[in-house]
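As structure tokens, the structure follows; a few thoughts come after it.
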Amino acid sequence: MTAAVRPGPAPSGDGLPGDVPATPAALRRLVADGRWTGPTAGLLDGYQQANLVIVPRDLAFDFLLYCTRNPAPCPVLAVTEPGDPVVRLGTTVADLRTDLPRYRVWHNGELTAEPHDITTHWRADAVGFLLGCSHTFEGPLRAAGVPVRYAPESAAPPVYITDMATRPAGRLSGPLVVSMRAIPARLVARAVEITARYPAGHGAPVHIGDPATLGIADLARPDFGPSPVVEEGDVPVFWACGVTPQLALPAARAPYTIAHYPGHMFVFDHTVDAGPEPEVPDGAPRRAPRRAPR
């Protein structure tokens, strides 16, 4: 099946074709075919995007506990069965080995690869976690007239490692990581109000204003992603970021761990406002619609 696309300029970045996929399923098909390898920020406004973490089964409970203790950077959307690379949530059925544009792979705490496909890295005890992503709320921000600015070289926000510690869990601990968007001062309150509606996209900001409060020495030099775009009258606004686990996981020295490459996310079929459609087991009776009272 040919992936549906809608014509128009795509955000700049590595490996992006000239046409933008019209649906998440179309994007995932392009990704799996190796025809889309760039970032997903700025694509498919209104759809739920997600960070990825894959760990061995014996580390999965520690990671789930870490997410529970740190819900702002790690809002859990879906968890796979051990060894099963397929995620199923609502109408979304997708292969985590092939359906993200790029990945990062660690062995015994050392980063060893950043491939576009992890089929050869998948293991029989692998458990996949999909975590909410701040790209999710960018569509609602734009719809409300709040600008979301990108550097010309990349359609992704700048990301910074802070000096704020997350709550440890088992073998996992590390600093909070944040993404930043520069918001006109008059629209900051509106941005806070809108993003607070989306806990599955990290929710409200964790900090507004002086980057030094978070231990960020130079806003112009992010740890991940492009340089920020800050215009006169803008205020830096920081949200918890799903890159946070990537700093906690290496310390566990697991035989392997896998995550998304920053900015290169998984995209679900459901919109952030509607949420996933409930799954109905095969053969289960479907509830008839309730009739309105006469």
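We use all heavy atoms of the structure for the numbers below, so side chains are in, but hydrogens, waters and symmetry mates are not.
Here the straight-line distance linking atom CD of E138 with atom CG of L44 works out to 12.5 Å at 0.5 Å rounding. Put simply, CG on L172 and CG on L64 are 11.0 Å apart, with the number rounded to the nearest 0.5 Å. Taking CZ from R142 and CD1 from I194, the interatomic distance works out to 12.0 Å, rounded to the nearest 0.5 Å. The CG atom of L141 sits 10.0 Å away from the CG atom of L187 when rounded to the nearest 0.5 Å. One distance of note links OG1 of T213 with CE of M164; it measures 10.0 Å at 0.5 Å rounding.
For the pair D234 (side chain) and E231 (backbone), a donor-acceptor distance under 3.5 Å is present. Between the Y261 side chain and the P101 main chain, no donor and acceptor come within less than 3.5 Å of each other. Proximity of a side-chain donor or acceptor of T166 to a complementary backbone N or O of G174 within less than 3.5 Å is detected. Distance alone, capped at 3.5 Å, is enough to place a donor-acceptor pair between the T80 side chain and the G128 backbone. Remark: side-chain polar atoms of R102 are not paired, donor with acceptor, to backbone N or O of T37 under 3.5 angstrom. With hydrogens and angles disregarded, no donor-acceptor distance shorter than 3.5 Å links the side chain of Q246 to the backbone of A259. Of the possible polar contacts, none joining the H264 side chain to the Y103 backbone as a donor-acceptor pair under 3.5 Å is found. Under a 3.5 Å cut-off, the side chain of H260 and the backbone N or O of N51 do not form any donor-acceptor pair.
At a threshold of 4.5 Å between non-hydrogen side-chain atoms, the residues Y198 and P140 count as touching. A heavy-atom distance below 4.5 Å is not found between the side chains of T257 and V53. Between Y160 and P222 there is a side-chain heavy-atom pair separated by less than 4.5 Å. In this structure, the side chains of F268 and L130 come closer than 4.5 Å at one or more pairs of heavy atoms. At a threshold of 4.5 Å between non-hydrogen side-chain atoms, the residues S134 and R181 count as touching. Residues P157 and H135 form a side-chain contact, since some pair of their non-hydrogen atoms from C-beta on lies under 4.5 Å apart. Contact annotation: the side chain of P73 never approaches that of V177 to less than 4.5 Å [non-hydrogen atoms, C-beta and beyond]. Looking at heavy atoms from C-beta onward, W122 lies out of side-chain contact with D95 at the 4.5 angstrom threshold.
More than 12 heavy-atom neighbours from other residues, nucleotides or ligands sit within 6.0 angstrom of CD on E193. Atom CZ of R221 is surrounded by 12 or fewer heavy atoms from other residues, nucleotides or ligands within 6.0 Å. Annotation: R57, atom CZ; neighbour count of heavy atoms from other residues, nucleotides and ligands within 6.0 Å does not exceed 12.
H121 and H107 have tilted rings, their planes meeting at an angle from 30° to 60° on a 0 to 90° scale. Between F137 and W239, the ring planes lie tilted relative to each other; the angle falls in the 30° to 60° range.
Heavy-atom minimum distance, A25 versus D269: N-OD1, 3.8 Å. Contact record, I54 with A126: CG2-CB, 3.8 Å, taken as the closest heavy-atom pair. Nearest heavy atoms, Y66 versus C74: CE2-SG, 4.0 Å. Between G139 and D45, the shortest heavy-atom distance links the atoms CA-CG, 3.5 Å. Contact record, P184 with R149: CG-NH2, 3.9 Å, taken as the closest heavy-atom pair. Residues I183 and P147 approach most closely at CD1-O, 4.0 Å, considering heavy atoms.
The hydrophobic cluster containing V230 does not contain V148, counting ILVMFWY residues as joined when their side-chain heavy atoms lie under 4.5 angstrom apart, directly or transitively. Residues L219 and L214 share a single hydrophobic cluster, defined by chaining ILVMFWY side chains whose heavy atoms lie under 4.5 Å apart. Note on V267 and V31: same hydrophobic cluster, where clusters join Ile, Leu, Val, Met, Phe, Trp and Tyr whose side-chain heavy atoms are under 4.5 Å apart, directly or indirectly. When the side chains of ILVMFWY residues are joined at heavy-atom separations under 4.5 Å, either directly or via intervening members, V159 and V235 end up in two distinct hydrophobic clusters. By the criterion of side-chain heavy atoms lying less than 4.5 angstrom apart, applied directly or through intervening Ile, Leu, Val, Met, Phe, Trp or Tyr residues, Y47 is grouped together with L27 in one hydrophobic cluster.
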_side-chain hydrogen bond (donor to acceptor under 3.5 Å, both in side chains), that's the test. Do T119 and D117 meet it? Break it down for me._
CA-CA 6 Å; T119 301; D117 182 303; 2.6 Å; yes
*For side-chain contact (heavy atoms from CB on, under 4.5 Å), just list the numbers for D58 and R171, CA-CA rounded to whole Å, side-chain angles, deciding distance to a tenth of an Å, and then say yes or no.*
CA-CA 11 Å; D58 68 359; R171 290 177 280 168; 4.0 Å; yes
*How far apart are the C-alpha atoms of L96 and L52, what are their side-chain angles, what is the distance that settles it, and do they pass the side-chain contact (heavy atoms from CB on, under 4.5 Å) test?*
CA-CA 8 Å; L96 295 181; L52 173 69; 3.9 Å; yes
*Check the pair F238 / L176 against side-chain contact (heavy atoms from CB on, under 4.5 Å), numbers first and verdict last.*
CA-CA 11 Å; F238 300 88; L176 175 68; over 6 Å; no
*Run the side-chain hydrogen bond (donor to acceptor under 3.5 Å, both in side chains) check on T136 and Q48 step by step: do they pass?*
CA-CA 5 Å; T136 293; Q48 177 72 58; 3.0 Å; yes
*Starting from the C-alpha separation in whole Å, work towards a yes-or-no answer on side-chain contact (heavy atoms from CB on, under 4.5 Å) for V127 and F63.*
CA-CA 10 Å; V127 179; F63 185 68; over 6 Å; no
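Screening T112, N108, D125 against Y256 for a side-chain hydrogen bond (donor to acceptor under 3.5 Å, both in side chains) leaves a single residue, D125. Exactly one residue among I161, V178, T162 makes a side-chain contact (heavy atoms from CB on, under 4.5 Å) with D223. That residue is I161.
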